[in-house]
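Computation of the quantities below employed the complete heavy-atom set of this structure, encompassing side-chain atoms and omitting hydrogens, waters and symmetry-equivalent molecules. Keep in mind the model is a prediction, meaning the values are calculated, not measured.
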Amino acid sequence: MLSRQSLVRAAAPSRTLAGPGTARNMATLREIELRLKSVRNIEKITKSMKMIASTKLAKAQRAMQAGKEYGLANAEVFKHSDSDKPAPNKLFIVVSSDKGLCGGIHSSLSKTTRKAIANAPDSLIDAKDPVDPESPVMVIGDKSKAQLSRAVPKNLQLTFNQIGRDIPTFADAAGVADLIIKSGVKYDSIVLVYNKFVSAISYEAATVVVKGEEALKESEGFRAYEMEDDFTKDLAEFSLANAIFAALTEGHACEQSARRNAMDNASKNATDMIGRLQMQYNRGRQAAITNELVDIITGMLFPRTLSTAVFLTFDFRC
């Protein structure tokens, strides 16, 4: 009798403890399956965004080549209008955009602007021409606006959005230049902070100086000629619109390039994650199947063990 009870107690735990373990494995497999489905959906989205960015990049590069001609015209004019008068009160115009998911393209502009205002040693502004820490800042695009509103809130004067949502046009740049001039902000010169297109996979933050009306009047190249009073004013406005248009087109090309690279990296990471999750799911499923087989075999062997124990006990009594 004692031998039968001991055999029953020894065999029973293998059946009662297998249930919770199997349920726990099934719950874990369900979570992995849901996560796999989510990552696969993300991979589809990132691949689609990469294809769209690749298509837009070709158009943006063509627009950038046309916009650079405006910047070259400005450079030719300013090349012959040097002025020895210092201009510490600079107006910074940060050319960004409203859209994200394109890497650190917006944060690099904000970082460059903060360094310039703080007169950092590695600033892109010439150390011989220091910057007033209270210089006004205007931002084109909501992304850099959110970053600079936390870093230099007192310097922020004017912000623009919905500019160049597709391919930037000269009308967009002219409208921005007109609002800047009508804002009444006092400045000696304008510094455009934008992203410079290096190649299809790289870009860098850059600055370009646009001289104001007073700087053009006092330059030696313009003082050598007799001009009407409104000539330098109109030239300064047109030069500002030209520079903004060139920066907008180049920044738009950089944005599409950065978005394509970011979505390519995201797709690769999603593919790697899917592989790891699939391996984890297969191993968990294999473990669950093995546990179920162990339970089935244990259940089949238990009646035989019990009947053998009863027979031995009966034979012992006899």
Side-chain angles (χ1 to χ4, degrees), residues 17-64 96-111 141-147 150 161-168 195 197-205 248-297:
L17 294 177
T22 304
R24 189 161 52 245
N25 288 335
M26 293 302 293
T28 305
L29 288 176
R30 181 59 178 169
E31 293 173 0
I32 296 175
E33 189 177 2
L34 291 175
R35 193 174 180 188
L36 263 173
K37 184 178 179 181
S38 175
V39 176
R40 285 196 180 103
N41 291 336
I42 293 174
E43 183 187 29
K44 292 178 183 178
I45 294 172
T46 54
K47 285 184 177 179
S48 300
M49 292 185 68
K50 176 189 172 183
M51 293 177 60
I52 294 171
S54 299
T55 304
K56 289 185 176 181
L57 178 59
K59 297 180 181 179
Q61 284 181 305
R62 290 194 294 267
M64 179 187 67
S96 178
S97 69
D98 301 332
K99 298 180 181 179
L101 297 177
C102 49
I105 193 169
H106 303 302
S107 58
S108 63
L109 295 177
S110 303
K111 187 177 181 180
D142 289 334
K143 291 299 180 179
S144 291
K145 169 192 170 183
Q147 297 172 2
R150 297 189 298 267
N161 58 8
Q162 308 295 326
I163 301 296
R165 296 188 64 182
D166 189 12
I167 300 294
N195 285 302
F197 189 87
V198 179
S199 66
I201 58 174
S202 63
Y203 60 90
E204 62 182 10
L248 281 173
T249 53
E250 196 160 1
H252 181 69
C254 292
E255 179 187 350
Q256 297 302 330
S257 173
R259 181 171 291 110
R260 187 189 67 174
N261 296 332
M263 292 301 104
D264 184 32
N265 293 333
S267 300
K268 291 179 180 178
N269 293 337
T271 302
D272 295 341
M273 187 177 293
I274 288 171
R276 291 195 299 269
L277 288 173
Q278 189 68 52
M279 181 68 70
Q280 187 179 356
Y281 177 80
N282 292 340
R283 288 177 178 175
R285 190 165 175 267
Q286 186 79 27
I289 293 172
T290 304
N291 290 335
E292 290 178 1
L293 289 174
V294 170
D295 293 343
I296 293 171
I297 294 170

* To do: Indicate the atoms forming the closest heavy-atom contact of Asp166 with His252, along with that distance.
  => O-CE1, 2.7 Å
* His106 side chain to Asp142 main-chain N or O, any donor-acceptor pair under 3.5 Å? -> no
* For the residue pair Lys56 and Arg259, establish whether any side-chain heavy-atom pair is separated by less than 4.5 Å. => no
* Among Arg150, Gln147, Lys143, whose side-chain hydrogen bond (donor to acceptor under 3.5 Å, both in side chains) with Ser110 holds? -> Gln147
* To do: Output the distance between atom CD (Glu43) and atom OG (Ser48), rounded to the nearest 0.5 Å.
  => 10.0 Å
* To do: Considering non-hydrogen atoms only, spot the tightest contact between Ala258 and Cys102 and give its length.
  => CB-O, 3.3 Å
* When rounded to the nearest 0.5 angstrom, what distance separates OG in Ser96 from CG in Leu248? -> 10.5 Å
* To do: With rounding to the nearest 0.5 Å, note down the distance linking CD1 in Ile296 to CG in Asn291.
  => 11.0 Å
* To do: List the atom of Ala205, the atom of Ser108, and the distance in Å for their closest heavy-atom pair.
  => CB-O, 4.2 Å
* Can you check whether Leu34's main-chain N or O pairs, donor with acceptor, with Ser38's side chain at less than 3.5 Å? -> no
* **Where Ala262 and Leu101 come nearest, the two heavy atoms and their spacing** => CB-O, 4.1 Å
* Donor-acceptor under 3.5 Å (Asn265 side chain, Asn261 main chain) -> yes
* Mind jotting down which residue pairs meet the side-chain hydrogen bond (donor to acceptor under 3.5 Å, both in side chains) criterion with at least one end in residues 279-289? Sequence neighbours excluded, please. => Gln278-Asn282
* To do: Give a yes or no on whether a salt bridge exists between Arg260 and Asp264, defined as a side-chain N under 4.0 angstrom from a carboxylate O.
  => no
* Please assess Met279 against Arg276 for the test side-chain contact (heavy atoms from CB on, under 4.5 Å), listing each intermediate value before the final yes or no. => CA-CA 5 Å; Met279 181 68 70; Arg276 291 195 299 269; 5.8 Å; no
* For residues 33-42, which residue pairs qualify under salt bridge (Lys or Arg N to Asp or Glu O under 4.0 Å), counting only residues two or more places apart or in two chains? -> Arg30-Glu33
* **Contacts of type side-chain hydrogen bond (donor to acceptor under 3.5 Å, both in side chains), residue Gln61, not counting sequence neighbours** => none
* Distance in Å, Ile52 CD1 paired with Met263 CE, rounded so as to fall on 0.5 Å steps -> 11.0 Å
* To do: Give the minimum heavy-atom separation between Gly284 and Leu29, together with the two atoms involved.
  => C-CD2, 3.6 Å
* At what distance, to the nearest 0.5 angstrom, does CG of Asp98 lie from CG of Asn161? -> 5.5 Å
* Asked: What distance do Asp272 atom CG and Ile274 atom CD1 have between them, rounded to the nearest 0.5 Å?
  -> 9.5 Å
* Asked: Can you name the closest pair of heavy atoms from Phe197 and Met64 and give their distance?
  -> CB-SD, 3.5 Å
* **Side-chain heavy-atom pair Tyr203, Ser257 within 4.5 angstrom cut-off** => no
